[in-house]
Protein chains: 2
Amino acid sequence: MLAKELQLSVATISKAIRDSHEISDKTKLRVNALVEKLNYVPNPYASSLRRRNSKTIGVVIPEVTDSFFAQAINGIESVAQEKGYHVLIYLTHESFEKEKMILKDFESGRVDGVLLSVTRETTQISHIEELMRMGVPLAFFDRVLEEIETTKIITNDYESAYLATKHLIKKGCKKILFLSFSNILCISSKRLSGYKNALLDHGIKVNDSDIITFSNESKTDYLLLKKKLKSPPRADGILASVEKLAITVYQACADLRINIPGDVQVISFSNLDSASFLNPPLTTISQPAFEIGKAAAAVLVKALGRKKFELQNEEITIPSAMVVRKSTRG
Amino acid sequence: MLAKELQLSVATISKAIRDSHEISDKTKLRVNALVEKLNYVPNPYASSLRRRNSKTIGVVIPEVTDSFFAQAINGIESVAQEKGYHVLIYLTHESFEKEKMILKDFESGRVDGVLLSVTRETTQISHIEELMRMGVPLAFFDRVLEEIETTKIITNDYESAYLATKHLIKKGCKKILFLSFSNILCISSKRLSGYKNALLDHGIKVNDSDIITFSNESKTDYLLLKKKLKSPPRADGILASVEKLAITVYQACADLRINIPGDVQVISFSNLDSASFLNPPLTTISQPAFEIGKAAAAVLVKALGRKKFELQNEEITIPSAMVVRKSTRG
DNA sequence: TTGAAAGCGCTAACAG
DNA sequence: CTGTTAGCGCTTTCAA
């Protein structure tokens with residue numbers, strides 16, 4: 001902030017640029033003119049250092065090549081842009097170690113607040129508690145940790161899974177497989193309970209071998225699924241709790257010449273735009289990803305605007321919708 | 001950097017933490033122990049201010065809910081994480097005004113370097129030139145501006161479009177539609193030339209009304225496409241230069257009861273994982289999105305490591321691959 | 001309404 | 001090998 005010394009003090013310039021009420025209109029005008037002319041843009045790091053905030057939020061997610069998270073980022077970015085916040089993105093690729101390192105870095109004050117969707121491996125919570133203890137507000141979205149007291153933006157996982165399972169039952173399924181990647185994630189277990197309770201409520205016994213947990217190692221997973229699909233008594237319904245698994249199912253069925261929905265009906269949690277053009281069109285539970293991202297960012301930014309950064313210990317639930325297509329059909 | 005004063009000067013601590021060679025091993029050990037104990041993390045903004053760099057790169061893209069860009073971010077992030085860089089993401093949503101504002105902000109020194117894929121509206125180049133003039137290195141990926149002298153990471157758009165068109169011709173197509181969103185984007189015009197030259201080389205006259213430019217206003221676009229598909233002489237081949245348009249084509253064909261590939265064969269530029277499960281499976285030109293992101297970040301980070309940030313004026317081309325599926329078939 | 005001075009937390013340059 | 005000093009560019013008192 002040098003060249004401007006032509007006329008005024010740095011303090012005045014600083015205030016004028018931020019449109020402080022204690023500066024006269026004439027000087028503001030003069031300053032703005034010079035700012036324009038010299039193409040001056042204040043150094044955000046000097047400002048951050050002094051003000052102890054960065055106008056930046058950190059977003060930590062497992063993947064970005066997943067339509068749910070991509071749409072969520074979109075939502076987050078839309079409110080960040082509107083409110084003048086910058087968005088730092090970090091991908092954990094489901095590694096708990098990475099998650100820990102990233103949150104540790106946040107203790108530096110790099111970000112004013114954090115939006116987190118945990119990895120499939122995350123069971124400990126100390127790294128998160130530590131960060132929050134240091135005064136960095138953190139909200140969860142989608143993949144939350146219930147033990148931690150903060151705001152959580154989620155969808156109605158239990159109800160959706162219940163609904164999906166009921167739908168399969170209504171369409172005549174007797175033996176329904178439940179596919180997931182993790183039994184750790186709270187979101188998975190909610191979906192699992194929804195599945196189980198729907199079965200029980202309709203007088204179907206829950207069979208543990210129908211609940212399949214994959215490793216996310218494509219080849220192994222593929223083989224495992226094929227084995228399950230072949231072994232009698234044959235399943236006639238599948239609820240995939242993850243989009244990626246629906247694709248695996250389609251692949252395996254094509255391979256084994258199992259007809260969807262003739263032999264087996266399929267429904268999946270998914271946000272794929274192209275779900276309706278799959279062969280056959282996939283019945284989905286589609287999550288309001290954009291809205292979840294938006295709500296998460298809004299809550300965080302709002303908290304950041306207050307003196308005491310307080311994130312209520314509450315769950316904000318934005319419901320998913322079931323979209324029935326041809327992969328399920330009596 | 002306070003509590004440590006128990007024993008040493010701030011300068012020593014600073015050097016020890018950064019593992020400077022001019023500090024003895026014993027003190028490093030002592031310092032690290034205390035760092036551990038007090039959970040100390042250096043303030044990045046103070047460091048940025050002093051060192052005049054931020055270890056941060058800015059990524060500016062039109063959308064994130066697009067499998068190409070999502071994969072590209074993935075590639076960018078992978079090298080950033082490896083090299084200790086942070087990634088700020090900005091979405092333009094195809095708005096030139098936003099692009100300008102974002103790059104203007106970068107003049108503040110917020111980022112050490114920029115990776116840019118321009119909007120469909122971008123025709124001016126002054127905002128980019130200005131940023132570069134200020135010493136901020138910028139590399140393009142995918143949607144590049146040829147007029148600007150810097151490194152550009154692209155795929156072989158011309159050749160791919162040529163190949164795709166040739167493929168349709170070989171499969172018997174006589175009247176091939178070319179669908180795109182913009183005639184401004186260099187990448188689009190390259191694809192268009194590939195298409196045109198393939199036609200010419202095979203003795204087919206280029207028909208201007210077969211080249212359709214959409215507005216990205218879903219309803220209008222959909223109607224326009226349907227009109228084109230119905231109007232005789234009927235097209236028997238389609239090359240969609242954008243993934244999203246392939247989905248529109250599938251929709252319109254389903255609606256009009258036009259059979260793919262029986263009535264019309266379809267090929268599209270696309271990175272959809274689910275392309276093979278569409279009905280029918282979509283023949284694609286699939287771009288090496290992850291690699292493009294990775295290469296772009298690598299080039300930028302490498303330049304950032306040098307005294308004089310120099311980005312060669314060169315094009316790095318990573319070829320796309322045609323994956324033939326059932327949407328094209330003689 | 002403006003300005004002088006102090007200092008955010010770090011690091012580079014230079015002494016010792 | 002360790003310490004001293006002087007800022008990086010901004011914002012915040014507080015005084016004028």
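Per chain, numbering begins at 1; letters A, B, ... match sequence-line order.
- Distances were taken from every side-chain heavy atom of K15(B) (C-beta onward) to each of dG3(D), dA4(C), dC10(C); the shortest belongs to dG3(D).
- Across the protein-nucleic acid pair, I17(A) atom CD1 and dC10(D) atom P stand 8 Å apart, rounded to whole Å.
- Closest of all the heavy-atom pairs between S117(B) and D142(B) is OG-CB, 3.7 Å.
- Atom CG of D25(A) and atom C1' of dT2(C) are 15 Å apart (whole Å).
- One interatomic measurement links the two molecules: CG of N53(B) to C1' of dC8(D), which rounds to 12 Å at whole-angstrom precision.
- Because its NZ or CZ atom is not both nearer than 6.0 Å to the ring centre of F140(B) and within 45° of the ring axis, K152(B) does not count as a cation-pi partner of that residue.
- Looking at every heavy atom in both residues, S188(B) comes nearest to S182(B) through CB-O, 3.1 Å.
- Within 4.0 Å (heavy atoms only), S48(B) reaches no atom of the nucleic acid at all.
- Among the nucleotides dT2(C), dG3(D), dC10(C), the one closest to any side-chain atom of A11(B) is dG3(D).
- The CZ-C1' distance, from R52(A) to dC10(C), rounds to 13 Å in whole Å.
- Side-chain proximity of S24(A) to dT2(D), dG9(D), dT2(C): nearest is dT2(C).
- OP1 or OP2 of dA12(C) lies within a sub-4.0 Å distance of a side-chain N or O belonging to R18(B).
- Side-chain N/O atoms of Y40(A) include none lying less than 4.0 angstrom from OP1 or OP2 on dG9(D).
- Look at K104(A) and E107(A) and you find a salt bridge, because one of the NZ, NE, NH1 or NH2 atoms lies within 4.0 Å of a carboxylate O, short of that distance.
- Distance from the side chain of R51(A) is smallest for dT12(D) among the nucleotides dT12(D), dC10(C), dT11(C).
- Rounded to whole Å, the distance from CD on E22(B) to P on dC1(D) is 9 Å.
- Closest approach to the T27(B) side chain among dT2(D), dG9(C), dT2(C) is made by dT2(D) (side chain taken as heavy atoms from C-beta onward).
- For S9(A), the side-chain atoms get nearest to dG3(C) when compared with the rest of dG9(D), dG3(C), dT11(C).
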What's the verdict on ring-ring contact (aromatic ring centres under 6.0 Å, His included) for F68(A) and F290(A), showing C-alpha distance, side-chain angles and the deciding distance? CA-CA 8 Å; F68(A) 175 83; F290(A) 180 82; over 10 Å; no

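- Backbone-only engagement by P42(B) is indicated by non-hydrogen atom pairs under 4.0 Å involving sugar-phosphate atoms exclusively.
- The side chain of S14(A) contributes no N or O atom lying less than 4.0 Å from OP1 or OP2 of dC10(D).
- Per the geometry, CD1 belonging to I13(B) stands 17 Å off C1' belonging to dA12(C), to the nearest Å.
- The nearest heavy atom of DNA chain D to L8(B) and to N43(A) marks one nucleotide each, and the one closer to the 5' end goes with L8(B).
- The nearest whole Å value for the distance from the NE2 atom in H21(B) to the P atom in dT2(D) is 13 Å.
- What separates CG of L49(B) from P of dT11(C) is a distance of 11 Å, to the nearest Å.
- In the model, Q81(B) has a side-chain atom that pairs as donor or acceptor with a side-chain atom of K98(A) under 3.5 Å.
- Contact annotation: R50(B) side-chain N/O to dG7(D) OP1/OP2 distance is not under 4.0 Å.
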